Amino acid sequence: MENLQQNDVEIYELIRLEELRQAQKIRMIASENYVSSAVMEATGSIFTNKYSEGYSGKRYYEGQQYVDQIEDLAIKRAKELFGAEHVNVQPYSGSPANLAVYLAFLKPGDTILGMALPHGGHLTHGSKVSISGKYFHAESYSLDQGTGNLDYEAIRNKAKACMPKILIAGHSAYSRIPDFQEFRKIADEVGALLLVDMAHFAGLVAGGAHPSPIPFADVVTTTTHKSLRGPRGAMIMCKKEHAQAIDKAVFPGIQGGPHNNTTAAIAVALKEASTDSFKNYAAQIVANAKTLASTLIDKGFHLVTGGTENHLLLIDLTNKGVTGKVAAKALDAAGIVLNYNSVPFDTRKPFDPSGVRLGTSAVTSRGFSEKEMVQTGEWINAIVADPENINLQQDIAAQVATLCSKFPAPGLEHLSNK
Ligand code: DSN
């Protein structure tokens with residue numbers, strides 16, 4: 001980055017510091033990952049210079065000879081990987097993707113039904129502070145209070161009571177596999193479209209480590225940068241009959257020109273995600289999450305739903321006498337980065353909730369396996385037991401950095417021994 005160093009040393013140095021942070025810490029924010037150098041190169045390519053409102057073969061500006069080819073390739077690869085009938089790769093990220101789906105099928109005031117945010121849903125699934133809850137009549141379903149699992153009879157009853165136009169499945173903080181067939185049945189019983197937001201587990205679906213929602217849903221949205229390990233972006237996949245409505249909603253409905261550098265990088269990530277090594281990666285993400293879950297359960301941690309079937313764990317720390325925020329900050333100081341998170345039926349506020357959420361997509365990208373997960377669980381246990389102990393945090397942070405140096409993260413291999 002010689003040019004950057006010369007032109008803007010402040011930004012240059014901050015990027016170098018962030019590289020070190022990502023190299024030396026155990027990154028367990030469930031929505032984050034490390035992209036390959038190939039994805040990074042495409043993201044930083046000269047396609048960032050090009051405008052291309054419209055779709056392949058029907059653009060509003062000239063000079064699209066190569067843009068059309070990258071967008072066509074990204075779409076073809078997504079269709080093959082996920083078995084989708086129609087794919088739009090232009091949404092800037094997950095929130096605009098979901099908004100485009102609402103614009104395609106709803107009028108202001110229409111009813112949507114999604115998982116409540118404090119129970120693991122996403123802001124854009126109808127939270128009152130999001131446009132999805134302000135412009136539409138948003139109803140929500142909760143998890144079963146006893147098990148922490150999805151309760152399909154409760155969802156069915158809620159759907160029959162509010163008759164949504166769109167039923168939303170998918171989540172940001174739920175560690176089990178949804179029954180997409182059951183969601184389909186409920187949607188059909190009330191005449192709703194079924195939208196599945198698979199942003200968190202798209203990589204697991206791509207790698208065969210999680211059932212696919214594609215055969216059951218009318219529309220599936222996903223970001224491309226979580227377990228799928230691509231650039232910051234999103235895709236919408238849908239049945240052919242909805243193709244025109246979705247495309248019109250993305251452009252010109254809510255967006256202008258697509259970010260072609262991102263589209264190029266999505267295409268690269270989709271190629272990577274169709275390899276056998278990505279299948280192994282997806283399986284290892286889940287194996288790592290299960291190992292971490294059992295390590296923590298053995299140490300008396302209370303995991304919502306009692307465990308995990310995907311990449312993430314949601315831990316209720318109430319029995320440990322520590323809030324999620326205190327634990328998250330202490331763990332960050334010890335080199336283990338995660339986020340504080342509400343747990344279902346939380347009695348605390350979202351900015352200082354009872355739980356933490358963590359995921360294994362990023363650490364698995366750097367090669368952590370079961371042994372490192374057990375070690376990570378032991379460190380988490382030690383910090384949570386004594387969250388004010390600065391010496392302990394520093395001691396563990398040094399051990400974390402040593403461990404990380406043995407597992408070079410994709411794109412940061414040159415820093416692994418610093
Ligand atoms: N912010 C993402 C997450 O952390 O789950 C969802 O958009």
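Only this structure's heavy atoms are used, side chains among them; waters, hydrogens and symmetry mates stay out. Positions are given from 1 along the sequence. Worth saying up front: this structure is predicted, and the values here are computed from it rather than measured. Counting convention: from 1, in listed order, for ligands and their atoms alike.
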- Query: Under 30°, 30 to 60°, or over 60°: which ring-plane class applies to His259 and Tyr92, parallel, tilted or perpendicular?
  - Reply: parallel
Taking only distance into account, with no hydrogens and no angle test, what donor-acceptor pairs under 3.5 Å do side-chain atoms of residues 190-198 form with protein atoms, sequence neighbours excluded?
residue : atom : partner : partner atom : Å
Asp197  : OD1  : Ala199  : N            : 3.1
Asp197  : OD2  : Asn98   : ND2          : 3.0
Asp197  : OD2  : His125  : NE2          : 2.8

- Task: Output the list of atoms in ligand 1 that are nearer than 4.0 Å to some heavy atom of Lys226, sorted by atom number.
- Result: 2 (C), 6 (C), 7 (O)
- For His122, the ligand 1 atoms with a heavy-atom partner under 4.0 Å come out as 6 (C), 7 (O)
- Atom indices of ligand 1, in the order listed, that fall short of 4.0 Å to a heavy atom of Arg357: 3 (C), 4 (O), 5 (O)
- Task: Enumerate the atoms of ligand 1 whose separation from the nearest heavy atom of His200 is less than 4.0 angstrom.
- Result: 3 (C), 5 (O)
- Is the shortest side-chain N to carboxylate O distance from Asp110 to Lys165 below 4.0 Å? yes
- Whether Thr48 side chain and Gly44 backbone form a donor-acceptor pair below 3.5 Å: no
- Counterpart residues, side-chain hydrogen bond (donor to acceptor under 3.5 Å, both in side chains), relative to Arg27 (two or more places apart): Glu32
- Item | Under-4.0 Å heavy-atom contact between protein and atom 1 (N) of ligand 1 | no
- Ignoring hydrogens, just give me the one of Gly94, Ser31, Ala173 whose non-hydrogen atom is nearest atom 3 (C) of ligand 1. Ser31
- Please confirm whether Arg229 makes a cation-pi placement over Tyr281, using NZ or CZ under 6.0 Å from the six-membered ring centre and within 45° of the ring normal. yes
- If you count the atoms of ligand 1 from 1 in the order shown, which ones are under 4.0 Å from a heavy atom of Ser172? 5 (O)
